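This report refers to the structure that appears directly beneath it.
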Protein chains: 2
Amino acid sequence: MISTSEKILDVAQPLIVAGGYNGFSYADISDAIGIRKASIHHHFPTKAELVSALVDRYRQQTERGLKSLQEQFASPTDQLQAYVNFWQACIGDASLPFCVCAMLAGEMPMLPDEVASRVRAHFHHLAGWLSSVLQAGAEQHLFRLDQRPHEEAQMLMASVHGAMLSARAFADPGVFAAIVKPQLARLLVAER
Amino acid sequence: MISTSEKILDVAQPLIVAGGYNGFSYADISDAIGIRKASIHHHFPTKAELVSALVDRYRQQTERGLKSLQEQFASPTDQLQAYVNFWQACIGDASLPFCVCAMLAGEMPMLPDEVASRVRAHFHHLAGWLSSVLQAGAEQHLFRLDQRPHEEAQMLMASVHGAMLSARAFADPGVFAAIVKPQLARLLVAER
DNA sequence: TTTCATCTACCTACTAGTAGGAAGCCAAAC
DNA sequence: GTTTGGCTTCCTACTAGTAGGTAGATGAAA
């Protein structure tokens, strides 16, 4: 039995992914789950609170996802590969064709502060995870890093987000892989 | 004497850069330039037409900018550097802290078709320009390309857009350079 | 005298958000 | 064991404000 507030967030997420903060309304959610607008306000009094809760949940999901990925794959190489594969699959089957926080990051200047700070937190967290994986890989001589792990992590993250954008712009999921895969390959020692 | 329609686009551009397609209204423009809403409709009957015109103008400006950049700098190395420096300066002084089309690309699923196709055209054009510069550089043995020029161009473009996103998310213009400069350096033969 | 740019005045549809009430549930009080 | 009272959830009905867009008049310029 899934709670109504969860259902609301489940419906809101793809709407945000498609159109950003201003790209959906309480009425959209209302229509989608067959509940009155006012009832949504009962669960999330303001839109800022709704999106804040959504971003919080998204970050928790990401945290769990990255952790389970680290348990599933021992090698930093495989971990990175799995991370990229996840997004490739999402974009390919259109299930989650864009990162919620990447979407919102574009709208930072007009986001409510409480939302903006959470988006920033997600970026920090993701960059931190990538950095730690890159560092571990470098120590095991699996990766050759031209920059410090933190900078390489930023570069990789930007590539992934930029690739999502290009895949959207060209309406071609294949563009994502074409951009990210070589970017990953260049880190691997064996490839040189 | 600058025309009213130009003034409208001048005002609309930073609004779109800040908040995307749904992030501004006719009333915002009206307030900014001291003209009634209805007068804006005289110049641009619908919002889709306004934004289409804006993207058309933006692409023309970009086209001119890239051409003059090619005339100013003989070497592909310097051309690429100048392109990146342009954005670094824009983001640094907050004059144009985001590419209009990168912003709109994130909103592709909900853009009117006439706008979406123009955004796609800009991406094609920019990728084409980068590709031709990279190819010229490779032929002059200035660049060492791991992929074909077209793929390297896509990678570089994604890095630039992703770096813009990160600079926004972290509210730190320095992040842009930290991401893009090493990405550029890795292409240079001398650096290896 | 037509065309252009702008105006006032208006429209309908939608925005986020509020007030107040009805139904169901659950636990404590009688 | 039933009643009471509070809590949750959802509802109808509403608000003030904003969205994009239109009709028609005015005045100036070509």
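None of the values given here were measured: they were computed from a predicted structure. Letters go in sequence order (proteins before strands), and every chain restarts at 1.
Side-chain nitrogen and oxygen atoms of A/H41 include none within less than 4.0 Å of the OP1 or OP2 phosphate oxygen of C/dA19.
A straight line from CZ of A/R36 to P of C/dA23 spans 17 Å, rounded to a whole angstrom.
In this structure, A/E152 does not pair ionically with A/R148, as no charged nitrogen and carboxylate oxygen lie closer than 4.0 Å. B/E6 has a carboxylate O that lies under 4.0 Å from a charged side-chain N of B/R57, or vice versa, which qualifies the two as a salt bridge. Checked for salt-bridge contact, A/E151 and B/K181 miss the test: no charged N lies under 4.0 Å from a carboxylate O. Taking 4.0 Å as the cut-off between side-chain N and carboxylate O, A/D31 and A/K37 do not count as a salt-bridged pair.
With DNA chain C read from its 5' end, the first of the two nearest nucleotides for A/F44 and B/S39 is the one closest to B/S39.
Bracketed by its first and final contacts, the part of DNA chain D lying under 4.0 Å from non-hydrogen atoms of chain B reaches from D/dA19 to D/dA23 in 5' to 3' order.
Separation of the A/F98 and A/H161 ring centroids does not fall under the 6.0 Å cut-off.
Base contact: B/A38 has a heavy atom under 4.0 Å from a base atom.
A side-chain donor-acceptor contact under 3.5 Å links A/R168 to the backbone of B/G106.
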